[in-house]
Number of protein chains: 2
Amino acid sequence: MTRVLVIDDEPQILRALRINLSVRGYEVTTASSGGAALRAAAERHPEVIVLDLGLPDMDGIEVLAGLRGWSSAPVIVLSARTDSADKVAALDAGADDYVTKPFGMDEFLARLRAAVRRGAAAPDTADPVVVTDSFTVDLAAKKVTKGDAEVHLTPTEWGMLEMLVRNKGKLVGQKELLREVWGPAYATETHYLRVYLAQLRRKLEDDPSTPRHLITEAGMGYRFQE
Amino acid sequence: MTRVLVIDDEPQILRALRINLSVRGYEVTTASSGGAALRAAAERHPEVIVLDLGLPDMDGIEVLAGLRGWSSAPVIVLSARTDSADKVAALDAGADDYVTKPFGMDEFLARLRAAVRRGAAAPDTADPVVVTDSFTVDLAAKKVTKGDAEVHLTPTEWGMLEMLVRNKGKLVGQKELLREVWGPAYATETHYLRVYLAQLRRKLEDDPSTPRHLITEAGMGYRFQE
DNA sequence: CGGGGGCGTCAAGATCCCGTAAAGCGGCCC
DNA sequence: GGGCCGCTTTACGGGATCTTGACGCCCCCG
């Protein structure tokens with residue numbers, strides 16, 4: 001669910017955008033003044049921002065500058081002004097796109113999608129890798145390394161490890177694990193857990209008999225610790 | 001010095017852009033056909049691409065798709081068409097901006113700066129040519145070489161190889177592969193994978209029976225390793 | 001002190017998955 | 001119309017993986 005922050009002071013535009021975006025599965029927050037916009041952006045961390053330049057309390061360019069101080073979320077500027085000077089000013093102040101009113105909803109939505117797509121690609125450079133002192137888990141590549149050798153895991157082993165690592169630090173109940181990895185029908189086959197946990201420890205822990213990262217909490221479940 | 005690739009078939013526009021961009025310190029490469037454009041993009045690694053949709057040899061959208069296969073450089077589309085449908089199509093095909101002709105040079109340059117700025121945040125690490133010790137894959141030219149001889153691949157073989165190489169190092173699930181290459185309806189025909197993987201290995205691996213680059217992870221999927 | 005529940009370990013059989021070869025089939029080009 | 005090419009389908013041996021049962025340990029509790 002993509003979070004969008006819409007900043008505009010005209011109620012009818014706000015309403016039209018809110019409806020159109022909500023229908024398409026966006027999570028919409030709105031603000032009708034510059035100050036409220038900056039507060040909302042700080043609170044909600046929207047993935048994309050739609051900014052109307054004609055605000056009552058402050059210049060749109062100032063809002064943009066305020067956002068760019070700490071956020072790199074893509075900003076699409078809306079404006080009634082078609083002056084090329086205005087466009088240049090907004091784009092150079094950090095806007096990612098500039099749409100003049102009145103605008104077609106189809107085109108606007110396409111530009112929004114483009115902005116979101118690009119925004120999503122940017123901070124993606126770092127793989128979600130989890131490191132411990134005895135092994136490394138790459139959740140995106142589904143790869144596990146110990147020392148510098150790659151460790152081969154079976155689908156079930158990986159399923160358990162993934163579930164535990166995604167909830168690192170937290171306790172994962174036995175039933176949740178079984179439901180996630182084997183399916184709802186196996187919620188009582190706690191024996192499987194013991195077999196596969198042992199297997200994972202043998203493959204990953206330095207000393208499998210005294211596990212330091214794949215911890216069992218007797219009677220409750222298991223926990224992954226970095 | 002920012003590298004820009006300008007793709008257009010109208011000499012006067014090409015000339016105008018070349019002059020304007022050069023004066024402002026950009027390093028300009030030009031191409032006047034889709035094929036030349038893809039080659040130039042693969043060679044020069046431009047940081048931003050300006051693409052006119054009206055090309056003589058292929059549809060602009062196809063050029064865009066060809067670029068997006070391996071490059072994440074921002075693309076600004078130029079077009080004489082103002083139809084919202086055209087804009088939507090281009091933006092959804094991976095364009096970052098859409099400027100209709102005739103356009104103001106100031107605005108265009110501002111949009112270019114915005115695109116470059118954003119592109120700089122997401123460094124383009126993707127190399128269209130992937131090399132292993134037994135074969136070479138050129139994602140831009142859709143060509144595979146082994147030793148110094150070109151290897152002929154069927155469309156299906158190429159589809160699989162491309163998908164795997166694009167996700168190099170990562171594990172690609174069987175369903176994802178089938179969906180991408182054969183379509184959503186074939187998500188369970190896992191047998192195809194075995195047949196075609198064997199074929200690819202026979203054509204590419206030095207010792208097809210002990211593959212070193214096209215690895216299978218039993219029960220999960222396949223992985224390409226350099 | 002004895003019993004029981006929960007846990008870890010091991011190993012063997014059943015099951016599923018993979019690699020390989022080869023044949024059938026349809027489309028395309030000459 | 002014939003031949004070639006690529007896609008689909010079948011069959012089967014071998015290997016990887018999952019399941020299952022047996023056993024011993026530890027800790028808590030009666």
Side-chain angles (χ1 to χ4, degrees), chain A residues 142 144 150-164 171-183 185-224, chain B residues 142 144 150-164 171-183 185-224:
Chain A
K142 293 198 200 299
V144 183
E150 196 167 316
V151 179
H152 177 78
L153 296 187
T154 72
T156 309
E157 287 163 6
W158 172 259
M160 290 194 64
L161 184 62
E162 181 177 21
M163 176 88 172
L164 290 170
L171 180 111
V172 182
Q174 319 198 19
K175 287 192 197 113
E176 282 89 340
L177 257 175
L178 286 163
R179 252 203 304 273
E180 175 77 14
V181 179
W182 278 271
Y186 294 74
T188 60
E189 303 284 347
T190 60
H191 184 61
Y192 291 180
L193 298 177
R194 291 197 284 284
V195 173
Y196 280 96
L197 240 297
Q199 214 133 11
L200 279 175
R201 292 206 258 248
R202 209 173 324 133
K203 288 186 178 181
L204 301 179
E205 293 275 6
D206 288 330
D207 180 3
S209 57
T210 60
R212 295 196 9 248
H213 305 105
L214 298 167
I215 313 295
T216 131
E217 305 270 353
M220 312 216 282
Y222 296 87
R223 178 202 309 277
F224 168 79
Chain B
K142 294 193 193 299
V144 183
E150 188 168 325
V151 179
H152 173 77
L153 294 187
T154 72
T156 308
E157 287 163 5
W158 172 258
M160 289 195 64
L161 184 62
E162 182 179 23
M163 175 87 173
L164 289 171
L171 188 138
V172 182
Q174 326 195 52
K175 289 194 199 110
E176 284 95 317
L177 257 175
L178 286 163
R179 253 203 303 275
E180 173 78 13
V181 179
W182 279 270
Y186 293 75
T188 59
E189 303 285 346
T190 60
H191 186 71
Y192 291 180
L193 298 177
R194 293 199 281 283
V195 174
Y196 280 95
L197 240 296
Q199 217 134 9
L200 280 174
R201 291 206 258 247
R202 212 172 317 136
K203 288 186 178 181
L204 301 178
E205 292 274 6
D206 289 330
D207 180 2
S209 57
T210 60
R212 294 193 15 246
H213 304 105
L214 298 167
I215 311 295
T216 133
E217 305 268 354
M220 305 211 278
Y222 295 88
R223 184 199 305 276
F224 168 79

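Every chain is numbered from 1 and lettered A, B, ... according to where its sequence line falls, protein lines coming before strand lines.
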Name the atoms and distances for all side-chain donor-acceptor pairs under 3.5 Å in residues 175-183 of chain A, with sequence neighbours left out.
none

Between H152(A) and E189(B), name the one whose nearest nucleotide on DNA chain D is closer to the 5' end.
E189(B)
Would one find a side-chain N or O of W182(A) under 4.0 angstrom from OP1 or OP2 of dT19(D)?
yes
What integer distance in Å separates Q199(A):CD from dC10(C):C1'?
10 Å
Closest-nucleotide ordering on DNA chain D, the 5'-leading residue of L153(B) and Y192(B):
L153(B)
Whole Å only: how far is the CH2 atom of W158(B) from the P atom of dC7(D)?
14 Å
When you measure from the side-chain N and O atoms of Y196(A) to the phosphate of dT17(D), is any distance below 4.0 Å, counting only OP1 and OP2?
no
Locate the shortest heavy-atom distance separating G219(A) from Q174(A); write the atom from each residue and the value.
C-NE2, 3.8 Å
Rounded to 10°, the helix from dC1(C)-dG30(D) to dC30(C)-dG1(D) deviates from straight, judged by its five-pair end axes, by 30°
Distances for protein N/O vs nucleotides 26-30 of chain D N/O pairs under 3.5 angstrom?
none

Residues 152-159 of chain A side chain polar contacts: donor-acceptor under 3.5 Å, at least two apart:
residue : atom : partner : partner atom : Å
H152(A) : ND1  : E217(B) : OE1          : 3.2
T154(A) : OG1  : E157(A) : N            : 3.3
E157(A) : OE1  : T154(A) : N            : 2.9
E157(A) : OE1  : K203(A) : NZ           : 2.8
E157(A) : OE2  : K203(A) : NZ           : 3.4
W158(A) : NE1  : E162(A) : OE1          : 3.2

Just to verify, what does R202(A) make a side-chain hydrogen bond (donor to acceptor under 3.5 Å, both in side chains) with, not counting sequence neighbours?
none
Does the side chain of T156(A) get closer than 4.0 angstrom to OP1 or OP2 of dT17(D) through an N or O atom?
no
Any Y222(A) side-chain heavy atom under 4.5 Å of L171(A) side chain:
no
Sub-3.5 Å donor-acceptor pair from the side chain of R212(B) to the main-chain atoms of D206(B), do we have one?
no
Which residue pairs pass the salt bridge (Lys or Arg N to Asp or Glu O under 4.0 Å) test when at least one of the two sits in residues 186-199 of chain A, sequence neighbours left out?
none
Using whole Å, report how far CG of L178(B) lies from P of dT8(D).
11 Å
Starting from C1' on dT9(C), measure out to CG on L214(A) and report it in whole angstrom.
16 Å
Tell me: CG of L161(B) to P of dG6(D), nearest whole Å?
15 Å
With S209(B), which residues qualify under side-chain hydrogen bond (donor to acceptor under 3.5 Å, both in side chains), at least two apart?
D207(B)
Pairs under 3.5 angstrom, nitrogen or oxygen only, protein versus nucleotides 14-23 of chain C, please.
residue : atom : partner : partner atom : Å
dC18(C) : OP1  : G219(B) : N            : 3.1
dC18(C) : OP2  : R194(B) : NH1          : 3.1
dG19(C) : OP1  : R201(B) : NH2          : 2.4
dG19(C) : OP2  : Y222(B) : OH           : 3.2
dG19(C) : N7   : R194(B) : NE           : 3.4

